[in-house]
Amino acid sequence: MPPHVYIEDIANYTGQTVTIKGWLYNKRSSGKIRFLMVRDGTGIIQAVGSFADLGEEQIAAIDTLNQESSLIITGSVRADDRAPGGFELMLNNVQPVSLSLDEYPITPKEHGTAFLMDHRHLWIRSKRQVAILRIRHAIIKAVRDFFDERGFTLFDPPIFTANACEGTSTLFHTDYFGEDAYLSQSGQLYGEAGAMALGKIYTFGPTFRAEKSKTRRHLTEFWMIEPEVAYLDLEGAMKLAEDMVEFVVKRVLATRSKELQDIERDTKILEKIVTPFPRITYTEAIGILKQSDHEIEWGDDIGGDEETTISNQFDRPVIVHHFPSAIKAFYMKRDKNDDRLALGFDMLASEGKGEIIGGGQREDDRVVLVERINEHKLPVEAFGWFLDLRKYGSVPHAGYGLGLERLVGWICDLPHVRETIPFPRMMSRLKP
């Protein structure tokens, strides 16, 4: 039996007879020749069959196949620069597996966003969506490799939590055997415990925000990467973040060039993503915004439109640091030289994509942290275990959170994060 191979590996089998198992992406006829575009999840290949090679019965079987029918094909691999992907399969056998029972709802014509989202389970089969999801996989692997190669330990925080991390207004509440519980907004607080045990850790898991936001950058369920390192300061956290982003972009360029081409991504822009990244203070950022006619004052939060303006000034990600402490989380350490400022930073992606990373140095003084919790009107008793980290051998430590979907959206240059995850969850989208 000819070996079963995947289309992404087809170049290794030139001149050999192989079997491909997949689905019919498209087909056309020219006299007694049939051209089948077959996909298997790793790529698409053109398969060519003639009456002479297949016979009348198999040609008739081909003619019954409709879009997304499953099939197994066998043939010899031939290099051809004119063929999609540079190779084609000269068929000697076609075995239908299962015919599509109805006309496939997603056709080459234009479809509205709502229609495509309602059919997301089928939309992900399309060439563009397959490419995006394969790039997403490469990004995930690159992130893991970056931290694993640097001696970090993967640390898995719980999804059910008893208290808030980023604020009580964006929590998904649930009943936990008679107790109030919430879906995790972030693994960071637990990551701090991990750093005190293991030195340097990273968390990588789903997080949930009940923000009533309909922007192109927000999902209610998304994946976060959150490194936390003992004896690290703000400068170290910023350096770690920019090194990681450079590493990931280079890996995607090296391993997913075909997929980047499939989505028509301008890779010359990605090739400019090299460290060091430009850095500006929050105060300098406010100056840029005022010069661009934004109505904003020192102390105001920087929103999506403002992030777009700032990031459009640079050809690579820019780090904004030393924000007003009043607009940052309770656990952010303040600048010893100016109590108005927090030792925090945001990384804004280039091309106007906005924030992809937020982090900084954590407050390591137990007394000060209790004051901050009270200032934010949070229940101190719920943070007893978190305060213990400052009670038994407290040390300076820092970290950050990276939103995976925002990173995917930026690297792929997507207009909305809904295409960055297999099944997006938004305010108006719980199905499929």
Side-chain angles (χ1 to χ4, degrees), residues 6-8 22-23 25-26 37-45 67-68 84-85 104-145 204 206 215-225 245 247-271 273 317 349-357 402-426 429 431-432:
Y6 288 96
I7 294 170
E8 67 177 347
W23 298 264
Y25 193 72
N26 204 348
M37 299 300 293
V38 176
R39 66 172 192 88
D40 71 349
T42 71
I44 299 175
I45 192 169
Q67 187 180 355
E68 287 303 313
Y104 196 65
I106 300 177
T107 61
K109 71 177 184 180
E110 288 291 325
H111 294 285
T113 299
F115 176 88
L116 291 171
M117 292 303 298
D118 287 342
H119 294 83
R120 182 65 176 168
H121 53 296
L122 302 177
W123 188 24
I124 57 175
R125 299 184 184 190
S126 67
K127 183 178 181 180
R128 177 178 171 83
Q129 299 306 310
V130 165
I132 292 169
L133 293 176
R134 283 170 64 81
I135 292 170
R136 175 189 170 100
H137 167 76
I139 291 171
I140 291 171
K141 187 176 188 305
V143 167
R144 292 186 180 278
D145 287 348
F204 199 153
T215 78
R216 60 187 174 90
R217 298 173 181 169
H218 284 86
L219 295 169
T220 57
E221 176 186 334
F222 57 99
W223 287 71
M224 284 274 280
I225 301 104
V245 170
F247 181 93
V248 170
V249 171
K250 283 184 176 179
R251 177 68 66 82
V252 171
L253 285 169
T255 63
R256 287 291 180 256
S257 59
K258 178 185 178 301
E259 285 79 6
L260 291 168
Q261 182 180 357
D262 286 344
I263 63 175
E264 300 180 338
R265 180 53 159 129
D266 184 353
T267 55
K268 288 185 173 59
I269 293 175
L270 295 178
E271 289 166 3
I273 311 305
S350 54
E351 301 173 90
K353 287 298 189 288
E355 180 194 346
I356 53 174
I357 290 177
L402 164 69
L404 173 63
E405 285 70 29
R406 289 189 180 183
L407 181 61
V408 174
W410 167 55
I411 289 178
C412 293
D413 192 23
L414 304 178
H416 198 290
V417 291
R418 62 181 160 238
E419 292 183 60
T420 64
I421 190 169
F423 292 96
R425 293 293 176 252
M426 298 175 287
R429 178 63 58 182
K431 295 183 294 186

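All values below come from the heavy atoms of this structure, side chains included, with hydrogens, waters and symmetry mates left out.
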- [ ] Could you tell me which residues satisfy side chain to side chain donor-acceptor pair (under 3.5 Å) with R216, sequence neighbours excluded, listed by chain and number?
- [x] none

- [ ] Kindly check if the number of other-residue, nucleotide or ligand heavy atoms within 6.0 Å of CD (Q261) is above 12?
- [x] no

TODO: Would you give the length of the straight line joining atom CZ of R144 to atom CD1 of I139, rounded to the nearest 0.5 angstrom?
DONE: 13.5 Å

TODO: Compare every heavy atom of R120 with every heavy atom of P432, then report the nearest pair and how far apart it is.
DONE: CG-CB, 4.0 Å

- [ ] Please report the shortest heavy-atom distance between E405 and W223, naming the atom on each side.
- [x] OE1-N, 3.0 Å

- [ ] Return yes if some donor-acceptor pair links the side-chain N/O of R265 with the main-chain N/O of I411 below 3.5 Å, else return no.
- [x] yes

Open item on the list: Quick one, V245 with I357, criterion side chain to side chain contact (heavy atoms under 4.5 Å, CB included). Give me CA distance, side-chain angles, the key distance, then yes/no.
Closed with: CA-CA 10 Å; V245 170; I357 290 177; 3.9 Å; yes

Task: Closest non-hydrogen atom pair, L402 against I356 - done: CD1-O, 3.3 Å

Open item on the list: For K258, I'd like to know if atom NZ has over 12 heavy atoms of other residues, nucleotides or ligands within 6.0 Å.
Closed with: yes

TODO: Can you measure from CG (L133) to SG (C412) and round to the nearest 0.5 angstrom?
DONE: 9.0 Å

Open item on the list: Just so I know, are the side chains of R125 and Y25 near enough to count as touching, which here means a heavy-atom distance under 4.5 Å?
Closed with: no

Open item on the list: So, taking the atom named CZ in R134 and the one named CG in L260, what distance separates them when rounded to the nearest 0.5 Å?
Closed with: 11.5 Å

Open item on the list: Is any side-chain heavy atom of Q129 closer than 4.5 Å to one of E419?
Closed with: yes

Open item on the list: Are the side chains of T255 and E259 in contact, using a 4.5 Å heavy-atom criterion?
Closed with: no

Task: Heavy-atom pair with the smallest gap, counting every atom of I7 and T42 - done: N-OG1, 3.2 Å

Open item on the list: Under the criterion side chain to side chain contact (heavy atoms under 4.5 Å, CB included), I'd like the reasoning laid out for M37 against Q67: C-alpha separation, chi angles, the key distance, then a yes or no.
Closed with: CA-CA 10 Å; M37 299 300 293; Q67 187 180 355; over 6 Å; no

Open item on the list: Can you confirm whether M426 sits close enough to H416 that some side-chain heavy atom of one is under 4.5 Å from a side-chain heavy atom of the other?
Closed with: yes

Task: Reported CD1-to-CD1 distance for the pair I132 and I421, which is rounded to 0.5 angstrom - done: 13.0 Å

- [ ] Report the residue from V130, I135, D413 that forms a side-chain contact (heavy atoms from CB on, under 4.5 Å) with I263.
- [x] I135

Task: Neighbour count >12 (heavy atoms, 6.0 Å) for atom OH, Y6 - done: no

Open item on the list: For M117 versus P424, what's the shortest heavy-atom pair and its separation?
Closed with: CE-CG, 3.1 Å

TODO: Report yes if the side chains of P105 and L122 come closer than 4.5 Å at any heavy-atom pair, otherwise no.
DONE: yes

Open item on the list: With a 4.5 Å cut-off on side-chain heavy atoms, are F423 and R429 touching?
Closed with: no

Task: Test item: R425 and L219 side chains (from C-beta on) under 4.5 Å apart, heavy atoms - done: no

Task: R136 (side chain) donor-acceptor with V408 (main chain) under 3.5 angstrom - done: no

- [ ] Mind listing the closest non-hydrogen atom pair of W410 and P317 along with its distance?
- [x] CH2-CG, 3.7 Å

TODO: Could you please spell out the steps behind the side chain to side chain contact (heavy atoms under 4.5 Å, CB included) verdict for L414 and R128?
DONE: CA-CA 11 Å; L414 304 178; R128 177 178 171 83; 3.2 Å; yes

- [ ] Identify the residue among V417, I225, T420 that makes a side-chain contact (heavy atoms from CB on, under 4.5 Å) with L404.
- [x] I225

- [ ] Would you give the length of the straight line joining atom CZ of F204 to atom CD1 of I140, rounded to the nearest 0.5 angstrom?
- [x] 4.5 Å

Task: Side chains of W123 and I106 in contact at under 4.5 Å (non-hydrogen atoms) - done: yes

Open item on the list: I need the K127 NZ to I44 CD1 distance, nearest 0.5 Å.
Closed with: 5.5 Å

Open item on the list: The criterion is side chain to side chain donor-acceptor pair (under 3.5 Å); which residues satisfy it with R217, sequence neighbours excluded?
Closed with: E307, T308

